[in-house]
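Have a look at the structure below before the remarks.
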Amino acid sequence: MHALPDGEAELSLVVRLPWEDVARLGQEAGRLASQMQRPVTLDEAVSYRLRSTRPTASHAKPPAEQPAAMTSGAGVTSLPRISTTA
């Protein structure tokens with residue numbers, strides 16, 4: 001993950017997709033290219049699709065508004081410790 005100049009972050013990951021989904025992304029890229037009057041990559045089509053299908057990102061809420069499961073004390077402290085010896 002790395003920060004972008006516009007204040008967002010970019011996360012790279014590998015996802016295995018069926019060819020049918022890749023074909024749909026190609027159709028989306030073609031539609032966007034026609035709309036934007038320029039070439040559009042599959043990466044850009046995926047990014048556009050993710051941004052258009054989910055609600056605006058909501059930032060962390062104050063502790064009083066967190067779901068009960070998050071405030072029950074079973075948070076990060078229950079994760080296993082990682083040994084730091086070399």
Show me, pair by pair, the donor-acceptor contacts under 3.5 angstrom made by side chains of residues 17-26, not counting sequence neighbours?
residue : atom : partner : partner atom : Å
Asp21   : OD1  : Arg24   : NH1          : 2.4

Report summary line: Using a 4.5 Å side-chain heavy-atom cut-off and chaining through intermediate ILVMFWY residues, the residues clustered with Tyr48 come out as Leu32, Met36, Val40
**Report entry** Selection residues 2-12 - residue pairs positive for salt bridge (Lys or Arg N to Asp or Glu O under 4.0 Å), sequence neighbours left out
**Finding:** Glu8-Arg51
Query raised in the report: Can you pull the salt bridge (Lys or Arg N to Asp or Glu O under 4.0 Å) pairs that have at least one residue in residues 25-38, sequence neighbours excluded?
Result: Glu28-Arg31, Glu28-Arg49, Arg38-Glu44
Report summary line: In this structure, OG of Ser12 is separated from CE of Met1 (nearest 0.5 Å) by 9.5 Å
Query raised in the report: Quick one: do Leu11 and Leu42 end up in the same hydrophobic cluster if we chain Ile, Leu, Val, Met, Phe, Trp and Tyr together by side-chain heavy atoms under 4.5 Å apart?
Result: yes
